[in-house]
Each structure stands twice: as C-alpha cells, then as structure tokens.
Amino acid sequence: MTMPNIPEMSKTFDFAESEPRLYKYWESNGWFKPEVAGVDAKPFVIAIPPPNVTGELHLGHVMFVSLEDLMIRYERMRGKAALWIPGTDHAGIATQLGVEKMLRNEGTSREEIGREEFLHRTWEWKEKYGGAIVNQLRRMGASVDWDRERFTLDESLSVAVREAFITLWDQGLIYRGPRLINWSPGLQTAVSDVEVERAEEQATLYYFKYPIEGGEYIPVATTRPETILGDTAVAVHPEDERYKHLIGKTAYVPMLNRPIPVIADEYVDREFGTGALKITPAHDFNDYEIAQKFNLPMISIMDKKAAINENGGPYTGLDRFAARKKLWADMEAMGLTIKTEAHTLIIPRTQRGGEIVEPMISEQWFVKMEPLAAKAIEAVRSGQIKIVPERFEKVYFNWLENIKDWCISRQLWWGHRIPAFYCENGHITVERGGPVKCATCGSRHLTQDPDVLDTWFSSGLWPFSTLGWPQQTPDLARYYPTDVLETGYDILFFWVARMIMMGLWFTDEIPFHTVYLHGLVRDENGNKMSKSKGNVIDPLITMDKYGTDALRFTLLTGGTPGNDQNLAESRVEYSRNFGNKLWQIAKFVTSNLGDNPPTEKPDPKGLSTPDRWILSRVNGLVATVQRLFDNHQYGEAGWQIQSFVWDEFADWYVEISKNALYSTDEHQKQITRGILLHTLETSLKLLHPYMPFVTEEIWRHLPGERKPLIISQWPTAWYSDDKAEADMNTIKDLIVKVRNIRSEYGVEPGKRITAMAFGAFDLLEANANVFARLCNVEKIARLEGGTPEQSAAIVSGDVTLYLPLAGMVDFAAERERLNKELANVAAQIEKSEKMLGNEGFIARAKPEVVARERTKLAELTQTRDALQERLTALPV
RNA sequence: GGGGCGUUGGCUCAGUUGGUUAGAGUGCAUCGUUGACAUCGAUGAGGUCAGAGGUUCGAGUCCUCUACGCCCCACCA
C-alpha cells in the first residue's frame, strides 16, 4: 500500500478519468463486501430499492444511491460489516409493455407468438437492456456487494415467492373469486387500488328521465351514461318527499326496458344532482356495495376491451365511449334526456398506460390483509420500526387501518406465475413442488392458472428473499433483519408497508428497524420533471459535466428528509467548485509536506492560537457531524463540513500556515505540516460518504502507509479549546475590520500599513505575522498613551486598533462610521441589559446561557466605551 | 370530506432539546492574479423569518386561527 513515488497532483481533479478507475480499485479489492470487516463486526445492511430492470436512470435513482451509499460508507468506516445488496425488479407491466411495443414494431404481437416465445423474447430483452441500469449504479459510486446481486425472477427468489403464496393459501389468507376490481382495458389486466391514480378532470354530467311504471319518471344524473345498460336499481333517499311515493315501484331501463326496482337508501345525497341515483353494481364500487346490501343482480355490460357485451342489447360491440354517445343520442330522440352540464369529477387512470380504469367484475386472486396489517401497525406503534421523518407514521397508520384486500393477480405473462392448478372439475390445488394430481378429486389433468402475481408481491419479500429465504442460509442468519430501508415516500404503500407486513408474517421479525424516506427531485421551479414538459435533468449528462461527486453532494445537501427538493444546475456547479476547492487545498498541503512528512497526530501543547484553533474546530466538526448523523440530518452535516473546509480551513488556516511553511523555522514548519495533514485527513474522512471519488483520489496522494480511505477509520473528536477559539475570533474580527477599513478608504491592496494597539497586546504581538499576511499590517505597536490623530479606529471587545492613515482619513466620514457602529453596539447593549435585568431570565434560563449573556454584555460595553472615547478624541 | 407539507434577502434553500447581531449558494456592487485555487480571493448592499393571537424570562423555532401554494388518502352519482 506504500506509494513511495506519489505523483504530483494535477491542476484539477480529472473526474472522468478517476471515477471508473477508483470504482474498479474498490471493487476488485473486495472493499464493498461486508467480509472486509471481519467475523466479529456488527452488520449494517441495506437492501437496495430494486430499480426496474429495463428502466432508465433518473434523479430518483441518484437520490437513493447517494443516501444509501452515504450510510453504507459511513458505517463501513465505523468498522461495521456493511452490506448493501444490489438488484433489479422485473417490473411486470412496464417491461411487458416495452416488449409488446417492440413486437408491434416487428409487425407481430404477444398473442401471435404465444406465451412461451413471448417470455423467451422478454428474457432476451432483459439480457440486452437490463445491464444499463446496473452499470449506472457503478457510475454513481454505489458500494454494493455485486456478488450478492439479485433479480426478482431469479430461481431462488421465485422459490421465495411460491413459498409465500402457498403459506398464505394454507393459512386461508389467499382466496380467489369474482369481485369488482379496477380493470385496465388497454393493458387488459386487473390492477390494484394503489396502481390507480385519480385526478380532477372536466367532464359532463348527464341528466335524464328514468321512466317509472304508471307514466311518472325520476330525474337521474350520471357521468357515464353507457352504464345505464347495467343498471339494476334506482335509489332515492328514504325521506326525500319528492320521490318517497315511488319507492318500491318498478322503473324501466331506458332503451332496454328492463324492469328494475326503485329502492331507498340513506347513502343517497338529496342535495347532489337530482337526488336520485342509478345503481350499476357491476361497474361502480359504491353501487356494488349497495347491491350487496339489497341483493340486487349484477349485470356486467363490458368485455375485456371495455366494449359493450351481449347484455347491451342494440349497443353490443360498441366501444364504451361510442356507446355513451349513441345511447345518449337515442335517449334524446326518445325524449328521455333532460340536460347536460359541465362537471368536474375525479377520473381514475392507470399508473402505467394512463387510460381510464373501468370497474369490472372479474375472477381474481386476493390476499386478506387485516391480519398482516395488524402486525405491521404494531411494529411501528411499538417503536420497533421507526419512520423518518416521523410524520409519515401517521400516513402509514391511516393506510393500514383502512386496508382493503390486495388483488394480486395480473393478466400478464411476464412475472411469477400463480402456483395454483386446476383440474377439469374446477378444483384448485396449491402445493409446494408443484402438484401431480388434484388434491380434491385426484385427477391428473392439471393446468396452471395463467395469471402472474403483482410485481409488488415479490418485492415485498425483497429484504429476506435476497438473503436466501426460505432457505436458512448463513447470510440470512447473519444479515437479517436488515437495518435501514431507504426510499422515496411515494412508494410507502406500494413497497414499504408491504415489506413490513410480509417480513413480519413470514420471518416473524421486523425486516428493518428504520425507514428513511426522501422526497422527490423537482426542477428548479418546483415542477415535477416529465418528458412532456421537457424539464428533465438527465443525471448522466450532469455527471459528465460536473462529475458524480458534485451531483451526489448537491442532492445530499439540497433538502431535508421527506421533503421534495428543487434542483438547479447552479447548485451542481457550486458542488463541483467545492470539490475543486478541496483538491486545491490538498494540492497545497501535499506540496508543502517536505521530505519527511509528519506521521504523528499533532500535540496541541505549546501550539500557537491558530494551530490550536483549527484543531479545536476540526474536532468540533467531528462531534457535530456525529450528532447530526445520529439524527439522520445528512444534509445539514454536509453543509457543516463544507463550511468548515472552505470558510475556516481554506480561507483562514491555510493562509496562516504559509507564515510557517515559508519560514526557515524547521520545527515550526513540521508542526504546521502535521496540523495541515491531520485537518485534511479528517476532512476527507468526513466528506468521503458524500464525495467518494475526489476524496479517495486525494487520499492516494497523501504520504505514508495508509489504508484506503473507503476502509479507513471514521474519526472521533479528541480535542476542544475554548480559549483558542475565543482568541481566534478576536483576531478574525479585527482582521475583517482592518480589511473593511482598507476597502472603505481605498487603501491599495499591496500597501503595507502599521497599527497601534490598546489592550490584548500580547495576543496581537504573538500573532503579528497573521495580521501581516491576512490584512497587510506589517507592524503592531503598543499604544502607550494618547491616541494617534490621523488614524481610523477599530474596536473589538477590549482591543482597540488604530490604523494611522496619514492624509487618507476623512474625519467626518470616520465620525459617521464610528457613530454607526456605536449605534449598532448600543442597540445590542440595550437588548442585553434588558435581558439581564429581567428576574425571570436570571431565575429560569440555563446558567450557561446567563453567563454567556453577561460575558457578551461586558464585551459590548468595552466596545462601546472605546468607541465613545475615540469619537471624543476625534478632531472636529 | 380527512390528513400532511410549505410560506425566511431578487431567485433557490438551510436553520431539530426555544437562548449571541437569522445563515448559505446564486444574482448584484466595488476591488484584486508573479509562488493551492478565476471551478478563485477581499469588501459591501440586500430580510418587520406570510398575517393575527397565544404560551414563555425569551419564539424563525412550540400552540391556535387566517391567507396563499403544493401533496397524499377518501365512494359524491
């Protein structure tokens, strides 16, 4: 590992060259594997949210990779056996749609080529395009263990899926039957409740007359006139005086003249529409419930393509929208229509595909969710599982407490085929290993159910199926339960809740103890990125331009847990600049380390104020970062590190260090080198989880025998020096004020000036070279008595610094400047005195807060007095 | 209908046991390059922390209400 001839650092960090090289360096040495930590190490495990195998990389992927890689790298450096399990999801509908599109372009279809050939083609497609997203994980620096990569259709995961299904079946928690479900006519499959997206849209409300026996009619309103064909009742409110006399009479379905009853139910809202409701149980969820209550027949009027079926009389064969139009026209001709009006309503559309979902009666498989949900609720309620940010626990409870049975069957071919078999008598057999004969009648003529399972059924098993379950593998024993589940809040129901339910149900353990939810990445104006809007930021292009580290750092510091963040390119640019800053610091440090670079941690004893200051600050930073990480405040921690590195280390300490480095004092030089190196090393460690590439590359240029940064030891705070920090604050304050004066008076930057000091002379004298370097004050003299007339005065606490500026001082301007400062100080004093004069404050505030306030007031008073003195002495 | 989030300088955002003069990036103004960095440095202007009330010695931070924006869940034809 020793690198005796470390090449000089290049002018800038070449991320394009370094990133793939470093990734290979880490991966080929096995540092992504938990085994690097040794057998005694405590595991830390994250199962990756598996991206769709043929999906395209978007910022959501970069977001989760950045966060999870941060956690993994941090825990790895803390000595844990960090395991990040990679993998991909077969994504049933999305992938099947992609392949079907390809087939269409070839002039064929899945129906034409058949199931077997279709699956063959889909696997080919997966082999061809499935690698892209996986390679992009490498591009982002994801330190996952590739030896443990999984795919939801792997044989071992398929075994887990069948085991889960059969277990639920044996427990009576899976059932099959005709139910009203969400049907996607375009995809020709059932979809679950969570896959339906509802949005307000402009539509029409149609008012018409429902003929009643005896020549009367009830006015009814509907948004879907074609469903009239499936009506099996008309409902009114039992106490509605307008219609009360019609309850129990017979109504006739328009155009079909099918007799149906007029019923009364309190569900009907008298205020809405006409106050009368048509009941179409086979095509509406509310009507379905009412029909069950009243034992009404259910008449399905549509086929799988949502065209009117044979129950639609003269409309048979028409598409649902064509039927709507024709039926309405026919009713109009019959004088049955009243009016139409514009109406805003909620339209359900499929998450994939986007066409309008049709509620239909269909034979599907369901899981009874209440027993599973009860356990999942308890796990979070008891605190075994913590959701970050906490407010999502409420959302989680609300969903689980109102959970409905899960429709798990999909009329697709790409996915896990339902392990249920039918004989010619219609009996169902579900057995491990695949049955050879019917469990009921013994028939050997079995056919498997054609449907596949919802993709989320297999992803629900992900944290344990990837580790070998149901086999009791060593990995399952060592790495399950996992630790953190990190993902976007948008899949809390789809995925997170189901993993918790299935994990608890099948393994009897929580699958993870912490759920960390991040927000969505939007464009810089807060709009959702979409291809149609053309505002999509392509992460690949961004990484090409600014480097992976820059994009990662931007996303990690760009928001807070659970909240969406707006991404502006200017922020990525800033992150790139920060990486450059770090590179330049390192370049400076490494080129000034001399022939025998220090190897020991610096000893603060006897060091100068700036030396002790930076050591105290960097250790304070370590403590701060630790506290923030403990609370999942990764963004704030990133800013703290950035601010230290740039604003304190680079802008102050590196500048100050030049005094020693450019001197001939070998002892002081060596001390300074040690502090520079230690501060840089610590900064690199803290920053590595955010910017893995640039930090590791710099690390390789540091001298001495050292472990690679990725597996180096996470720092702990070991030093704190309040005195040095206070003294340095005084020095910094004075320097900034000198610069300010120079700027205001237009003193040429190169011009050296002198100063006379009153108070704290020892501190100033000891740091005279700091003033010389940072504000070009070449000499500070002790002021013995009187005040120099031709000078500008600077006051900071008990120190007054006079800058003799012969011929440059405008006394009127100086007076104005001092008066302004005095007013400012006076205002602060007033506030402080008021606080300290308040008995409640003295009695109830924490003692250290009161003490701090007293110190502050004393300093302010000194400043005020000095300012007044100077104003009095100022020539008129 | 229920629940949640947001509202802080021109713009984008930090600010988590309530406690110094509310911070940063970007934009703006002025100045600055022979020795880490113009992907830079120095200095400065710019904010009644949406509004009202309350709790408290003390509120950007906690509570209530209001306004505006956004999101999730939910069966109004």
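These figures come from a predicted structure and were not determined experimentally.
Using a 4.0 Å heavy-atom cutoff across all strands shown, A/R852 reaches sugar-phosphate atoms only and no base atom. Across all strands shown, A/E401 has no heavy atoms under 4.0 Å from either base or sugar-phosphate atoms. As judged by a 4.0 angstrom heavy-atom cut-off over every strand, A/M9 is placed among residues making no nucleic acid contact. Contact annotation for A/N563: backbone-only contact, meaning every heavy-atom pair under 4.0 Å involves sugar-phosphate atoms and none involves a base. Within the nucleic acid shown, A/E636 comes within 4.0 Å of sugar-phosphate atoms alone, with no base atom in reach, counting heavy atoms only. When heavy atoms are screened at a 4.0 angstrom cut-off, A/K831 is found touching the sugar-phosphate backbone but no base atom. Heavy atoms of A/T557 sit nowhere under 4.0 angstrom from any nucleic acid atom. If you check every strand for non-hydrogen atoms under 4.0 Å, A/D651 touches sugar and phosphate atoms only. The residue A/N838 sits close only to the backbone: its heavy atoms come under 4.0 Å of sugar-phosphate atoms, none of a base. Within 4.0 Å of A/F578, counting heavy atoms only, lies no atom of the nucleic acid at all. Contact annotation for A/A845: base contact, defined as any heavy-atom pair under 4.0 Å involving a base atom. Counting any heavy atom pair closer than 4.0 Å across all strands shown, A/K404 reaches sugar-phosphate atoms only and no base atom. Using a 4.0 Å heavy-atom distance criterion, A/R844 is classed as a base contact. Across all strands shown, A/V589 has no heavy atoms under 4.0 Å from either base or sugar-phosphate atoms.
Considering only side-chain atoms of A/V736, the nucleotide from B/A38, B/U43, B/G19 that sits closest is B/U43. Taking only side-chain atoms of A/Q828, from C-beta outward, the nucleotide of B/U21, B/C37, B/U56 with the closest atom is B/U21. Here the nucleotide nearest the side chain of A/T223, chosen from B/G15, B/G41, B/A77, is B/A77. Side-chain proximity of A/K581 to B/C5, B/A74, B/A36: nearest is B/A36. Nearest to the side-chain atoms of A/I585 among the listed nucleotides B/A36, B/A14, B/C40 stands B/A36. Comparing B/C71, B/U16, B/C37 by their closest approach to the side chain of A/N580 singles out B/C37. Comparing B/A36, B/G41, B/C57 by their nearest atom to the side chain of A/W646 picks out B/G41.
Nucleotide B/A29 forms a pair with B/U43, judged by Watson-Crick or G-U wobble geometry with both contacts under 3.5 Å. Nucleotide B/A50 has B/U66 as its partner under the Watson-Crick or G-U criteria, with both atom distances under 3.5 Å. Pair assignment for B/U61 gives none, since no Watson-Crick or G-U wobble pairing has each distance under 3.5 Å. B/U55: no Watson-Crick or G-U partner with both key distances under 3.5 Å is found in any strand. Searching all strands for a Watson-Crick or G-U wobble partner of B/G1 with both distances below 3.5 Å returns B/C73. Pair assignment for B/U16: none, as no Watson-Crick or G-U wobble contacts are both less than 3.5 Å. Across all strands shown, B/G35 forms no Watson-Crick or G-U wobble pair with both distances under 3.5 Å.
At distances below 3.5 Å, not a single donor-acceptor pair connects side-chain atoms of A/Y489 with backbone N or O atoms of A/P561. With A/T204 contributing its side chain and A/Y206 its backbone, the two residues share no donor-acceptor pair below 3.5 Å.
Evaluation of atom-type donor-acceptor distances gives no pair under 3.5 Å for the side chain of A/Q642 against the base of B/A14. For A/Q633 and B/U16, a side-chain-to-base donor-acceptor distance below 3.5 Å is present, hydrogens and geometry of angles not being considered. No hydrogens or angles were tested; on distance alone, nothing pairs the side chain of A/R739 with the base of B/U43 as donor and acceptor under 3.5 Å. One can find a donor-acceptor pair under 3.5 Å joining the base of B/A36 and the side-chain atoms of A/K658. With hydrogens and angles left out, the side chain of A/Y267 and the base of B/C75 share a donor-acceptor pair within 3.5 Å.
Rounded to an integer number of Å, the gap from A/K394 NZ to B/C72 C1' is 13 Å. One can place CD of A/E848 at 12 Å from C1' of B/U17, the figure rounded to the nearest angstrom. Counting to the nearest Å, the C1' atom of B/U43 and the NZ atom of A/K732 are 16 Å from each other. We find that OH of A/Y634 is positioned 18 Å from P of B/U16, with the value rounded to whole Å. Taking atom CG on A/L857 and atom C1' on B/U21, their separation rounds to 14 Å, with Å as the unit. Rounding to whole angstrom units, CG of residue A/D564 and C1' of B/U12 are separated by 14 Å. Distance A/E201 CD to B/A77 P: 13 Å, rounded to the nearest Å.
Taking both residues in full, the closest heavy atoms of A/W399 and A/A497 are given as CZ3-CB, 3.7 Å, listed atom of the first, atom of the second, then distance. Smallest separation of non-hydrogen atoms from A/V694 and A/D549: N-OD2, 2.7 Å. Residues A/V572 and A/L567 approach most closely at CG2-CD1, 4.1 Å, considering heavy atoms. Heavy atoms only, all atoms of each residue included: A/V825 and A/L867 are closest at CG2-CD1, 4.1 Å.
Nucleotides B/G4 and B/U64 place their P atoms 10 Å apart, quoted to the nearest Å. Using C1' as the reference atom, B/A67 and B/A22 are 24 Å apart when rounded to the nearest Å. Taking atom C1' in both B/G23 and B/U8, one finds a spacing of 10 Å when rounded to whole Å. Taking atom P in both B/C40 and B/A45, one finds a spacing of 23 Å when rounded to whole Å. Using atom C1' as the reference point in both B/G6 and B/G60, the two lie 14 Å apart (nearest Å). B/G54 and B/C28 have their C1' atoms separated by 41 Å, with the value rounded to a whole Å. One C1' atom belongs to B/U21, the other to B/U17, and the distance between them is 24 Å to the nearest Å. When the C1' atom is used for both B/C63 and B/U55, the distance is 7 Å, rounded to whole Å.
Taking the six-membered ring where the residue is Trp, A/F578 and A/F553 present tilted rings, their angle falling between 30° and 60°.
Contact between the side-chain N/O atoms of A/N740 and the OP1/OP2 oxygens of B/G44 is found at a separation under 4.0 Å.
Relative to the six-membered ring of A/W639, A/R571 misses at least one condition, a distance below 6.0 Å or an angle of at most 45° to the axis. Stacking of A/K658 on the aromatic ring of A/F588 is recorded, both the 6.0 Å distance cut-off and the 45° axial limit being met.
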Please produce a list of atom pairs where a protein N or O lies less than 3.5 Å from an N or O of nucleotides 26-31 of chain B.
none

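Ion pair A/E859/A/K856 not flagged as a salt bridge, since none of the NZ, NE, NH1 or NH2 atoms sits closer than 4.0 Å to an Asp/Glu carboxylate oxygen. A salt bridge links A/R224 with A/E358; the closest basic N to acidic carboxylate O contact falls under 4.0 Å.
Between A/N592 and A/R673, every side-chain heavy-atom pair lies at or beyond the 4.5 Å cut-off.
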